[in-house]
There are 2 protein chains.
Amino acid sequence: MKRNSRLSLALHTLSHMAGDPDRVRTSADIADHARTNPVVVRRVLGKLREAGLLTSEKGHAGGWKLSVPADDISLADVYLALDERLVSGASQDDEPSDCSVETGLQARVAVVLDEIEENLVERLRETSITDVHPKTCSYCESQATQ
Amino acid sequence: MKRNSRLSLALHTLSHMAGDPDRVRTSADIADHARTNPVVVRRVLGKLREAGLLTSEKGHAGGWKLSVPADDISLADVYLALDERLVSGASQDDEPSDCSVETGLQARVAVVLDEIEENLVERLRETSITDVHPKTCSYCESQATQ
DNA sequence: ACAAATACAACTGAAATTGTTACGTATGTC
DNA sequence: GACATACGTAACAATTTCAGTTGTATTTGT
C-alpha cells in the first residue's frame with residue numbers, strides 16, 4: 001500500500017460490508033483481502049468504531065460489522081473519523097516566525113484553507129458508501145450466499 | 001520547516017515580492033530569510049517560474065522577481081504550479097487490484113474527489129497574493145527604500 | 001579572468017507512515 | 001476449566017517521503 005492508504009482501506013472495507021451487512025469479518029480476513037496486516041486493519045477500523053460506524057466483538061466468532069446502514073455513512077463520516085484533514089492543518093504548528101509577513105500571511109491563509117476544508121466536508125457528506133459501491137459487484141454476488 | 005512547506009515558502013516569498021516587485025532577490029537571500037536552503041528555494045520557485053509567475057536570471061546580479069503583477073496571482077496559480085493536489089491523486093497509482101470492488105470504488109471515489117478538487121481550485125482562485133499579504137507590513141516599509 | 005548567480009544531479013537525514021511481532025485480554029466451544 | 005479464536009495495544013522494524021546538503025556545470029556581468 002501507499003500514501004493515504006487509510007482512507008482507501010476504510011472505504012474498501014466499508015464498501016464490502018455494505019454488500020453483506022450481517023456478515024462478521026475478522027481483521028485477518030479483511031487484511032488478507034486488502035493485502036495488508038491485521039493490526040493495520042484494526043488501527044483503521046478502530047477509528048471508525050470510535051466514530052460509531054461499526055462494531056467489533058472479541059473472542060471466538062468475533063470480528064467487525066457495520067453498526068449503521070451503509071446508506072447512512074457518508075464519505076465525510078469516514079474522512080472525519082480518520083482525522084484526515086487534507087486541506088488545512090498543513091503548514092501549522094511551526095515555530096513562530098520572527099517575520100511579520102510570515103505570521104500575518106499564515107493567519108490569512110489558514111482562514112482560507114479552513115473555509116475550503118469545511119466545503120470539502122460538506123461535499124463529502126453528499127456521497128454515501130452505497131453511492132461509491134459498484135452497482136454490479138461480482139464479489140458481493142459470489143459472497144452473498146455464504 | 002515541515003510538512004507542506006513548499007506552499008508556505010512559495011506564498012511567503014511571493015508575498016514579499018508583492019511588497020517590492022522590482023527588487024531582484026537571490027535564492028540565498030530568500031533562503032536566509034525563510035530559514036531554509038538556496039537549493040530548496042530554487043526547487044520551489046522553479047515550479048513557479050514554469051507556471052510563468054516569476055522569472056530568474058543567471059549570473060552576476062541575477063536572481064528572482066515577479067513576472068506578473070501580484071494582483072494577478074491567485075492562490076490557485078500557486079497551488080497548481082506546485083502540483084499540490086491535496087485532495088485527489090491521494091490513493092492513486094497503486095498496482096491494479098484484483099478486487100472488482102476496489103477498482104470500481106476507486107473510480108467512483110476519484111470522480112467525487114476530482115469534483116472537490118475543482119471546487120477547491122475555484123475557491124483558491126478567488127484569493128490573490130495581495131489579499132493574503134498583511135496590510136501593514138513593517139518588513140515592506142523597512143525594505144521599501146533599498 | 002573572475003566572481004556571483006542559477007541549474008541540476010546525487011546523496012544524506014529526519015519525520016511520518018505502514019508493516020510486523022509479541023503479549024494481554026475477552027469470548028465462545030468443548 | 002482448558003483451549004482456540006479474535007480483538008487491543010505497545011514496541012519495534014521497514015518503507016516512504018521530503019527537506020536539506022554537497023558538488024559541479026553553466027551563465028552572466030565586471
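Numbers restart at 1 for each chain; the letters A, B, ... are given by sequence-line order, proteins then strands. A quick note: this is a predicted structure, and the numbers were derived from the prediction, not measured.
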Give the rounded distance in Å between these two atoms: CD of E84(A) and C1' of dT17(C).
-> 12 Å
H16(A) and H133(A) aromatic centres sub-6.0 Å | no
What one should report as the nearest heavy-atom pair of V78(B) and A10(B) is CG1-CB, 3.8 Å
For I116(A), does its backbone N or O pair with a side-chain atom of N119(A) as donor and acceptor, under 3.5 Å?
-> no
Sugar-phosphate or base contact per nucleotide [nucleotides 4-14 of chain C; S, B, -; heavy atom under 4.0 Å] | BBBBBBB----
Under 4.0 angstrom between R6(A) side-chain N/O and dT18(C) OP1 or OP2 | yes
Is T103(A) reaching over with its side chain to a backbone N or O of S100(A), donor-acceptor style, under 3.5 angstrom?
-> yes
CZ on R85(A) to CG on L120(A), rounded to 0.5 Å = 9.5 Å
R35(A) CZ to dT20(C) C1', in whole Å, measures 19 Å
For residues 43-59 of chain A, please give each side-chain donor-acceptor pair under 3.5 Å, one per line with the distance, not counting sequence neighbours.
from	atom 1	to	atom 2	distance (Å)
K47(A)	NZ	D83(A)	OD2	3.3
R49(A)	NH1	S56(A)	OG	2.9

Return the value, rounded to whole Å, for the distance between atom CG of L54(A) and atom P of dC7(D).
-> 12 Å
Write down the distance between CG (L82(B)) and C1' (dC18(D)), rounded to a whole number of angstrom.
-> 14 Å
